[in-house]
Colleague: 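Can you read through this structure? Questions will come right after.
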Amino acid sequence: MATHASGDAHYGSWAADHLSPTYPERAAWGTAQPLRAWQQEALEQYFRTEPRDFLAAATPGAGKTTFALRLASELLRRGAVSRITVVAPTEHLKQQWADAAHRAGIRLDPDFANAHGDYSRQFHGVAVTYAQVAARPAVHARITTSAPSLVILDEVHHAGDALSWGDAVLEAFGPATRRLSLTGTPFRSDTAPIPFVEYVRNEQGVRISSTDYAYGYDAALRDGVVRPVLFMAYAGTMQWRTSMGDEMKATLGQEDTKDITSAAWRTALDPGGAWIQQVLQSADVRLTHVRQAVPDAGGLVIATDQAQARQYAQILRSVSGEEPTIVLSDDTGASDRIDAFSKGDSRWMVAVRMVSEGVDVPRLSVGVYATSSSTPLFFAQVIGRFVRSRRRGEVATVFLPSVPPLMGLAAELERQRDHALDREHDDDQLLDDDLMDAAAKGDKDDPEAAPFTWEPLESSATFDRVLFGDAEFGQLVEPATEEEMDFIGIPGLLDPEEVSDLLKRRHARQAARIRDRPPNQEAPEPLYRSMREERQLLNSLVAIVAKRRGEAHALVHAEARRVCGGPPVAQASMQQMRDRIHYLRRVVDRR
């Protein structure tokens with residue numbers, strides 16, 4: 001093995017040696033050596049045994065691309081391989097890999113098509129997508145077997161997206177001389193095995209993915225490689241009409257049934273409602289404060305679908321006075337727009353899922369999680385877009401709905417996860433994304449549901465709290481107030497310790513200000529209105545249970561009355577109705 005004069009291990013060509021540790025961005029602040037410590041350590045571990053398969057899990061923004069290309073450069077230099085295939089999740093990432101490889105002295109063809117059959121020998125190899133491999137695995141198998149090959153599987157969990165994809169990856173790259181699998185996020189929440197990943201049984205007998213080298217967010221945060229993240233959570237009151245025609249009202253952030261949580265969450269994201277409009281306005285204020293210290297700081301809104309993305313862009317145009325960049329996955333110019341936004345200094349980009357994984361826009365500092373997806377994998381992918389550190393003291397800020405699934409994921413940002421097989425339930429029993437879609441759809445087989453569609457009616461936003469690390473700060477206040485500004489107005493450049501200290505001081509100041517405020521003299525809501533809302537909620541829960549069981553509403557009402565006691569609904573007190581609501585919520589959650 002070649003070494004520097006100092007005796008340190010040396011890997012790769014001259015070009016690879018001079019590749020930034022965080023390509024495509026310049027080296028992060030304070031980086032004096034060509035490689036970061038974790039990259040050097042991972043390379044040393046690989047070359048101790050030079051295994052056929054190696055799985056590296058490193059948090060987004062840590063420099064997986066640089067690690068992989070230094071390894072590839074060294075294998076080419078030693079003659080261990082002569083061809084390289086990079087498999088990426090998206091078309092945009094193919095181009096990104098080819099550009100990074102060029103900087104490392106490796107020539108990859110991102111324009112290779114299956115119809116070509118082979119690639120020009122001017123290149124060391126190709127960059128393709130998982131979908132491309134699945135379409136013609138035999139083509140890629142021929143390329144793999146034509147010479148000693150290294151296959152780099154970027155975000156390897158995508159190989160398990162469909163059974164056909166996994167089979168295609170096995171067929172195409174099973175004969176490869178070397179395989180390097182990379183992932184930057186928690187593995188899949190399903191139990192589909194991922195090709196070329198080794199599974200070992202833990203103490204409970206569950207098969208768990210075995211990672212050869214892991215560099216998690218917590219370690220990267222300690223090393224200053226990634227930014228700390230402030231989560232700004234917003235609650236509020238939501239009102240909607242169910243697919244059965246019932247009007248419901250709920251408070252975002254309160255413990256509730258999964259059905260009610262998903263419907264309230266969906267209502268909050270409705271572009272016509274006040275909740276998302278207020279949150280986007282607060283996020284734009286936060287971005288303005290960050291740009292005082294980081295002039296090119298940008299913001300990203302992740303939307304559920306294309307229609308909402310366009311509507312969010314209209315709101316941001318009105319709020320910021322600037323036209324946002326819109327990125328839609330089926331738009332042929334999407335990659336060019338991402339590149340232009342990354343290199344520019346405009347304020348906002350709005351996207352659906354295209355920039356949720358792997359796409360590097362290092363200047364992103366403020367995000368709005370305006371999507372209905374709640375799996376650990378997708379959440380980590382989104383947050384990964386904001387954590388890449390360019391200079392000391394940069395802090396990322398993400399605005400999100402105050403719902404239990406997202407609060408749990410935000411609080412566990414530093415948790416390391418492995419892919420587990422043999423499970424009987426969804427990962428961590430979090431809210432399933434399918435519930436968000438079901439909240440807006442009626443039962444096609446239920447004639448009673450036919451006249452109605454799910455419809456958001458009204459929403460409002462309140463600032464709930466800030467999550468930073470394992471601590472929470474702040475309390476419920478109205479938006480656009482001094483109390484909210486205490487938190488969204490903190491400086492854009494602070495070390496983690498300074499962020500924590502400042503949040504503690506502002507939490508104490510906010511609490512004192514609220515404590516010293518004169519009592520609210522507003523008259524309480526009339527009893528009949530409160531009773532009406534409780535009655536509506538009770539009837540909606542009865543309808544949910546009755547529909548699932550195929551029973552009459554009267555039977556469910558009778559059951560709740562029998563268990564909880566009291567007279568018929570018309571004569572029941574507020575507390576008696578609340579007892580029945582609590583009982584039925586537990587019934588719904590036991591499904």
Side-chain angles (χ1 to χ4, degrees), residues 231-242 246-280 282 368-370 372 374 399-411 430-431 435-436 439-440 454-467 472-481 483-484 487 510 514 520 522-544 574-575 577-589:
F231 290 100
M232 302 283 182
Y234 282 73
T237 302
M238 310 297 140
Q239 191 169 353
W240 67 94
R241 182 178 290 113
T242 71
D246 298 315
E247 289 192 9
M248 293 192 66
K249 192 174 186 179
T251 300
L252 202 66
Q254 287 187 347
E255 291 289 341
D256 229 317
T257 67
K258 290 183 178 180
D259 304 76
I260 292 174
T261 296
S262 63
W265 185 352
R266 194 179 187 98
T267 301
L269 300 181
D270 172 47
W275 189 92
I276 189 63
Q277 295 177 26
Q278 181 59 61
V279 169
L280 290 175
S282 294
V368 180
Y369 194 93
S372 58
S374 60
F399 290 71
L400 74 176
S402 184
V403 292
L406 296 186
M407 294 297 97
L409 292 172
L430 293 173
L431 183 71
L435 282 173
M436 303 300 297
W454 183 89
E455 179 187 5
L457 299 177
E458 198 174 319
S459 66
S460 64
T462 51
F463 176 81
D464 186 1
R465 54 192 144 145
V466 178
L467 281 74
E472 297 182 1
F473 306 90
Q475 54 185 297
L476 280 173
V477 295
E478 291 301 312
T481 60
E483 286 80 7
E484 182 199 35
F487 295 104
Q510 184 198 69
I514 293 174
N520 191 343
E522 292 182 6
E525 189 176 62
L527 178 61
Y528 79 89
R529 290 184 181 273
S530 299
M531 294 284 283
R532 180 188 296 167
E533 291 178 1
E534 295 296 319
R535 205 171 287 127
Q536 287 176 343
L537 179 54
L538 175 60
N539 289 336
S540 296
L541 287 167
V542 166
I544 292 172
M574 180 79 78
Q575 186 57 51
M577 283 194 290
R578 286 175 176 169
D579 290 343
R580 296 177 197 183
I581 288 170
H582 180 66
Y583 167 72
L584 290 173
R585 281 173 169 165
R586 285 186 286 128
V587 171
V588 170
D589 279 339

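Predicted model only: the values in this text are computed from it and were never measured. Counting begins at 1 with the first residue of the sequence.
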Colleague: List the residues meeting salt bridge (charged side-chain N to carboxylate O under 4.0 Å, His left out) with Glu484, not counting sequence neighbours, and say none if there are none.
Modeller: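 Salt bridge (charged side-chain N to carboxylate O under 4.0 Å, His left out) check on Glu484 returns nothing, list empty.
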
Colleague: Is there a side-chain contact between Met407 and Phe231 (heavy atoms, below 4.5 Å)?
Modeller: no

Colleague: Does any non-hydrogen side-chain atom of Arg585 lie less than 4.5 Å from one of Leu537?
Modeller: yes

Colleague: Excluding sequence neighbours, so at least two apart, what forms side chain to side chain contact (heavy atoms under 4.5 Å, CB included) with Ala268?
Modeller: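 Met238, Leu252, Trp275.
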
Colleague: Going by salt bridge (charged side-chain N to carboxylate O under 4.0 Å, His left out), name the residues that satisfy it together with Glu247, two or more places apart in sequence or in a different chain.
Modeller: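 Partners of Glu247 by the salt bridge (charged side-chain N to carboxylate O under 4.0 Å, His left out) criterion, ordered by chain and then number, come out as Arg241.
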
Colleague: Between the main-chain N or O of Pro271 and the side-chain N or O of Gln277, is there a donor-acceptor pair closer than 3.5 Å?
Modeller: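 Pair found, side chain donor or acceptor close to backbone of Pro271.
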
Colleague: With sequence neighbours excluded, tell me which residues meet side chain to side chain contact (heavy atoms under 4.5 Å, CB included) with Ser460.
Modeller: Thr237

Colleague: Tell me, do Gln475 and Gln510 make a side-chain contact under 4.5 Å, heavy atoms counted?
Modeller: yes

Colleague: Determine whether Asp579 and Tyr583 make a side-chain contact, defined as any pair of heavy atoms from C-beta on separated by less than 4.5 Å.
Modeller: no

Colleague: Considering only heavy atoms from C-beta outward, does the side chain of Met248 approach that of Gln239 to under 4.5 Å?
Modeller: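 Met248 does not reach Gln239 side chain to side chain.
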
Colleague: Can you sort out the partners of Phe399 under ring-ring contact (aromatic ring centres under 6.0 Å, His included), two or more places apart, ordered by chain and number?
Modeller: Tyr234

Colleague: Applying side chain to side chain contact (heavy atoms under 4.5 Å, CB included), name anything that partners Ala543, two or more places apart in sequence or on another chain.
Modeller: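 Per chain and number, Ala543 pairs via side chain to side chain contact (heavy atoms under 4.5 Å, CB included) with Met244, Asp246, His553.
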
Colleague: Please report the C-alpha distance between Leu541 and Ile260 in whole Å, then the side-chain angles of each, then the deciding distance to 0.1 Å, and finally whether the side chain to side chain contact (heavy atoms under 4.5 Å, CB included) criterion is met.
Modeller: CA-CA 9 Å; Leu541 287 167; Ile260 292 174; 3.7 Å; yes

Colleague: Quick one, Asp270 and Ile276 - any side-chain contact, counting heavy atoms below 4.5 Å?
Modeller: no

